[in-house]
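Take a look at the structure below.
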Amino acid sequence: MKRTKRNWTKGLPIGAVVLCVPGIGLRALHLLNGFDLGTGLPTVGDPWVWYFIALLLAAGVVFAAQAAPLWRSWDVPFEQLMGTRSTGFRMGAVVAGLLLLLGGVGYAYLALTTAEQDTAGWARALELFYSVMTVLSGVCMIVLAGAQGKEMDERSAMCTLVPLLWSCVHLLVNYRMTCTDPKLVSFAFGLVADMLLVLAFYHLARLLYGRPRPAALAFCSAAAVLTAVSDAGGYGLAYLMGVHTLDWSAKMVLRGGLSVAACVMLLTELAVLCGHAVVKGQHEI
């Protein structure tokens with residue numbers, strides 16, 4: 001008798017959280033040393049950005065290795081792969097949903113009261129649509145918290161599509177707000193995190209609407225958590241240390257917080273996915 005070794009997969013969500021600590025530190029050092037204090041423009045020869053990139057690449061290799069065993073679970077039913085009655089999962093999913101719901105309301109207020117100069121009507125409409133999608137995404141996450149503890153039906157399965165659409169709009173709004181900024185390099189890692197969010201929510205929905213790729217879901221979720229939390233946390237740490245040259249607008253700060261809130265949901269899903277994979281793997285012969 002031979003047991004499949006998948007124990008290291010269980011450490012994937014833990015590794016994603018632990019690596020956020022050096023990630024936040026390196027991102028903060030990049031913001032502290034990589035930009036001119038007078039103009040806020042990027043400086044030449046800053047090594048910290050490369051250290052941060054090296055951390056993300058090394059973590060990506062580790063995440064890929066840890067997620068690899070999940071390729072064998074592509075034919076496992078959703079209820080067996082992602083179903084859970086765990087109180088911790090429900091708490092995490094509900095917290096993520098409430099944060100998105102409240103953040104969406106707050107963003108609608110900012111969009112109506114603090115529009116930038118010469119903002120086109122379509123741009124304001126896009127931001128209001130983004131606010132609505134944020135609220136709906138939060139509601140869907142709360143619904144999923146209960147639905148994954150029982151058999152999924154067509155209505156509850158649709159709750160995976162709304163966060164996917166939200167992540168796409170989130171990326172679009174973030175890109176529109178930063179693509180013409182001369183300090184774009186200070187936002188680049190946030191945009192990478194937003195792209196990973198899109199991929200993670202795509203693979204979550206794919207578990208129900210397409211050929212499942214649980215390994216891709218695990219990898220993208222872990223990478224999104226590390227990148228988004230490191231980016232937002234690094235900016236917050238640098239700000240607390242007195243670097244205000246790269247002052248983000250209130251909308252930018254809120255969108256960064258919403259990225260982290262979405263990562264809370266992905267992290268809870270990742271914990272369920274990896275936990276079930278370990279159990280399944282330990283009983284294979």
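Quick note: numbers below take in every heavy atom, side chains included, and nothing from hydrogens, waters or symmetry partners.
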Can you tell me how far [atom2] of [Y] sits from [atom1] of [X], rounded to the nearest 0.5 angstrom?
X	Y	atom1	atom2	answer
Leu161	Phe201	CG	CZ	12.0 Å
Arg176	Leu171	CZ	CG	13.5 Å
Cys220	Phe63	SG	CZ	11.5 Å
Leu217	Met82	CG	CE	5.5 Å
Ile24	Leu19	CD1	CG	11.0 Å
Leu110	Glu127	CG	CD	9.0 Å

Contact between [X] and [Y] at the side-chain level, heavy atoms closer than 4.5 Å - yes or no?
X	Y	answer
His30	Tyr51	no
Phe219	Leu12	no
Arg90	Gln148	no
Val192	Leu56	no
Leu273	Thr9	no
Cys20	Val225	yes
Tyr209	Met158	yes
Leu172	Cys168	no

Do you reckon [X] sits in the same ILVMFWY cluster as [Y], going by side-chain contacts under 4.5 Å, direct or chained?
X	Y	value
Val95	Leu102	no
Tyr202	Leu207	yes
Ile142	Leu99	no
Phe89	Val139	no
Val264	Val143	no

- Task: Give the ring-plane orientation class for Trp166 versus Tyr130, where under 30° counts as parallel, over 60° as perpendicular and anything between as tilted.
- Result: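 If you compare the ring of Trp166 with that of Tyr130, the planes turn out parallel.
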
Grab the two heavy atoms, one from [X] and one from [Y], that are nearest each other, plus how far apart they are.
X	Y	value
Leu55	Pro22	CD2-C, 4.0 Å
Leu237	Ala28	CD2-CB, 3.7 Å
Ala93	Ala145	CB-CB, 3.6 Å
Gln66	Trp8	NE2-O, 3.2 Å
Ser230	Gly23	OG-CA, 3.4 Å
Gly138	Leu100	CA-CB, 3.8 Å

- Where do Arg255 and Tyr107 land on the side chain to side chain donor-acceptor pair (under 3.5 Å) test, with the steps shown first? CA-CA 8 Å; Arg255 289 197 303 273; Tyr107 198 89; 2.8 Å; yes

- In this structure, which one of Thr227, Asp231, Asp194 forms a side-chain hydrogen bond (donor to acceptor under 3.5 Å, both in side chains) with Ser259?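 The passing option is Asp194.
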
- Query: For the side chain of Thr268 and the backbone of Met265, is there at least one donor-acceptor N/O pair under 3.5 Å apart?
  - Reply: yes

- Task: Give a yes or no answer on whether the side chain of Ser131 reaches the backbone of Ala108 with a donor-acceptor pair at less than 3.5 Å.
- Result: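 Such a contact is found between Ser131 side chain and Ala108 backbone.
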
- Message: Let's go through Leu197 and Cys263 carefully: what are the C-alpha distance in whole Å and the side-chain angles of both, what is the deciding distance for side chain to side chain contact (heavy atoms under 4.5 Å, CB included) to 0.1 Å, and is it a yes or a no?
- Response: CA-CA 8 Å; Leu197 281 175; Cys263 285; 3.9 Å; yes

- Query: Should Trp48 and Arg27 be marked as a side chain to side chain contact (heavy atoms under 4.5 Å, CB included) after you check the CA-CA gap, both sets of side-chain angles, and the distance that decides it?
  - Reply: CA-CA 8 Å; Trp48 292 107; Arg27 177 63 168 145; over 6 Å; no

- Task: Test His170 against Met133 for side chain to side chain contact (heavy atoms under 4.5 Å, CB included), laying out the working first.
- Result: CA-CA 9 Å; His170 180 71; Met133 290 305 305; over 6 Å; no

- Message: As a quick check of understanding, evaluate side chain to side chain contact (heavy atoms under 4.5 Å, CB included) for Met141 and Leu98, giving each step before the final call.
- Response: CA-CA 9 Å; Met141 288 180 183; Leu98 288 175; over 6 Å; no

